[in-house]
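Since we're looking at a predicted model, the values are computed, not measured.
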There are 2 protein chains.
Amino acid sequence: MRNEDANPGAAPTLEQARTQIERYGLDADPQAVLVAVRLMATGARLVRASEVHFSRSGLSTGRYRLLVDLEDSGGEKSPSQLAKSLDVSRATVTGLVSGLEREGLVARRASAEDGRGAVVVLTARGARQLREMAADHFARLESLVDGLTADERGLFLDLLERITRRIGALTAE
Amino acid sequence: MRNEDANPGAAPTLEQARTQIERYGLDADPQAVLVAVRLMATGARLVRASEVHFSRSGLSTGRYRLLVDLEDSGGEKSPSQLAKSLDVSRATVTGLVSGLEREGLVARRASAEDGRGAVVVLTARGARQLREMAADHFARLESLVDGLTADERGLFLDLLERITRRIGALTAE
DNA sequence: CCCTAATAGTTAGCCTCCTAATCATTTTCG
DNA sequence: CGAAAATGATTAGGAGGCTAACTATTAGGG
C-alpha cells in the first residue's frame with residue numbers, strides 16, 4: 001500500500017519532509033518544515049469545510065464574514081472599510097455585497113457625506129439570518145477545539161500568533 | 001479609531017468573540033471560538049501568501065504540490081492517484097496537469113495496462129524547476145516557524161493534529 | 001457471453017478571490 | 001481658482017477549486 005493511500009488528504013509525514021529535504025542536499029529542519037506544511041494543509045481544509053457548510057445556507061464564508069462584520073459595526077459600513085477589516089480587495093467586497101443584496105440580506109445606500117462613497121446596510125432579513133445561524137455556527141467552532149483543555153487552547157493561541165506574525169514577511173520579500 | 005482599523009487582516013480579538021456570543025445569548029466559550037476563528041484566518045492568509053509566492057515562478061500552490069508529489073512517487077503517477085494524494089478532485093487534477101503540460105513540466109502518456117487510464121510523467125524540465133525552487137522554498141517554510149523552539153514545534157504539531165481530526169466531522173454532519 | 005455497473009479522464013459551468021483598468025468625486029496645492 | 005493627485009466603487013478578465021454530466025474502457029453477475 002502506498003504511503004499516500006494510507007494517509008490521504010494533505011497530511012504529509014515527517015518522513016516525506018525528510019526525504020524531500022535530502023533529495024536536494026539541503027539542511028532544513030524537517031520538523032520545522034512539517035509544522036509549516038501541516039498548518040497550510042489544515043488551513044486549506046478548514047477553508048474548504050467552511051465553504052461547504054455555508055453553501056448549505058446559500059451563503060459563503062466571505063458573505064457570512066461580511067454580514068458579521070456589518071453587525072459588529074452597528075449595521076452600517078462603507079465598502080472600503082469592509083474590505084479593510086475583512087482583509088479582502090474592494091473588488092471582492094463589491095461582489096460579496098452584490099450577492100447579498102440580491103438576496104435581500106444587505107442594502108446599498110449612497111453616502112451622505114461623500115459623493116463617491118456608498119454605505120452597506122444590514123437589513124432586518126440579514127440580521128435574522130445571522131440570528132438563525134448563530135447557535136449552530138458557534139457550536140461548530142467550539143467542537144473544532146473540543147479535544148483541547150483551556151490551557152492547551154491558550155498555548156495554541158500563543159504559538160499560532162507567533163507563527164502568524166511571520167506570514168507578512170513571506171509575501172513582502 | 002475603530003477596532004478593525006487597529007487590527008486589520010482577519011485577526012479577531014477575544015472581545016469580538018465575546019461580544020458576538022453574547023449578542024445571541026449563547027453560552028459558547030469565547031476562547032474556544034477564538035482559537036477556531038484564528039486558525040481559519042491564519043490558514044486563509046497562508047494559502048493566499050503561498051499563491052502569491054508561487055505565481056512569481058509561474059506556478060501555483062496546486063501545481064507545485066502536484067510536481068512534488070510526482071517526484072516523491074518516482075516521477076510517474078495516474079491522475080486518479082494524484083487526486084487522492086493531493087486531496088483534490090479529478091477534474092482539478094486535469095486542469096493542473098493541462099497547465100503544467102503546456103509549460104513542459106509534465107507530460108501525459110496513455111497507461112499501458114489500463115485502456116482508460118493515463119500516466120502523468122515529470123519531465124526533465126519539471127525536475128529542474130523543482131530543483132531550482134527547493135532551497136528557497138524550504139527556507140521560506142522554515143522561516144515561518146523560526147520563532148518557535150523545537151519543543152514548541154512538537155507541541156504545536158500535536159495540538160494542531162488533534163484539531164485537524166475534528167474537521168471531518170464538520171463537513172460530514 | 002453479454003449487459004449492467006463501476007472506474008478513468010475530460011468538459012462545462014459555477015463560485016471565490018485577485019489585479020488592472022475605468023469613472024466619478026474630493027482633496028491638495030501651485 | 002483650476003489642474004493634478006488621491007480616493008471610492010465598479011467592471012472586466014483571470015486563476016483555483018468544485019460538482020455534474022459525458023465518453024470510453026474494464027469488471028462482474030446472470
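Residues from residues 100-108 of chain B lying near DNA chain D, meaning a heavy-atom separation below 4.0 Å, are absent. Only D114(A), G115(A), R116(A), listed by number, bring a heavy atom of residues 111-119 of chain A to less than 4.0 angstrom from any atom of DNA chain C.
The backbone N or O of G104(B) sits nowhere less than 3.5 Å from a side-chain atom of R125(B) that would complete a donor-acceptor pair. The backbone N or O of V97(B) lies less than 3.5 Å from no partner atom in the side chain of R63(B), so there is not a single donor-acceptor pair. Here the side chain of S55(B) pairs no donor or acceptor atom with the backbone of G58(B) at under 3.5 angstrom. For S73(B) (side chain) and D69(B) (main-chain N/O), a donor-acceptor pair under 3.5 Å exists by modelled atom type.
The footprint of chain A on DNA chain C, defined by a heavy-atom cutoff below 4.0 Å, extends from dT16(C) to dT26(C).
Residues D72(B) and Q16(A) bring no donor and acceptor atom of their side chains to less than 3.5 Å of each other. Under the 3.5 Å distance criterion, with hydrogens and angles disregarded, a donor-acceptor pair is assigned to the side chains of R108(A) and S98(A).
If you take CD on E152(B) and CG on L159(B), they are separated by 11.5 Å, rounding to the nearest 0.5 Å.
Evaluation of the ring-ring contact (aromatic ring centres under 6.0 Å, His included) rule for Y64(A) yields F54(A), H137(A) as partners, not counting sequence neighbours. Residues satisfying the salt bridge (charged side-chain N to carboxylate O under 4.0 Å, His left out) criterion with R18(B), sequence neighbours excluded, are E15(B).
Hydrophobic clustering, with ILVMFWY side chains joined whenever heavy atoms are under 4.5 angstrom apart, keeps V68(A) apart from V121(A).
For the OP1/OP2 pair of dA9(D) and a distance below 4.0 Å, the side-chain nitrogens and oxygens of S80(A) include at least one atom meeting the criterion.
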Could you walk me through whether R109(B) and E76(B) pass the salt bridge (Lys or Arg N to Asp or Glu O under 4.0 Å) check?
-> CA-CA 10 Å; R109(B) 276 191 356 222; E76(B) 306 197 358; 3.3 Å; yes
Which is it for R23(A) and E71(B) under the salt bridge (Lys or Arg N to Asp or Glu O under 4.0 Å) test, yes or no, and what are the steps along the way?
-> CA-CA 10 Å; R23(A) 180 149 53 228; E71(B) 182 157 75; 3.1 Å; yes
Considering only nitrogen or oxygen atoms on both sides, find all protein atoms under 3.5 Å from nucleotides 13-23 of chain D and state each distance.
unit_1: dG16(D); atom_1: OP1; unit_2: S60(B); atom_2: OG; d: 3.4
unit_1: dC18(D); atom_1: OP1; unit_2: R48(A); atom_2: NH1; d: 2.9
unit_1: dC18(D); atom_1: OP2; unit_2: S89(B); atom_2: N; d: 2.9
unit_1: dC18(D); atom_1: OP2; unit_2: S89(B); atom_2: OG; d: 3.0
unit_1: dC18(D); atom_1: OP2; unit_2: T92(B); atom_2: OG1; d: 2.3

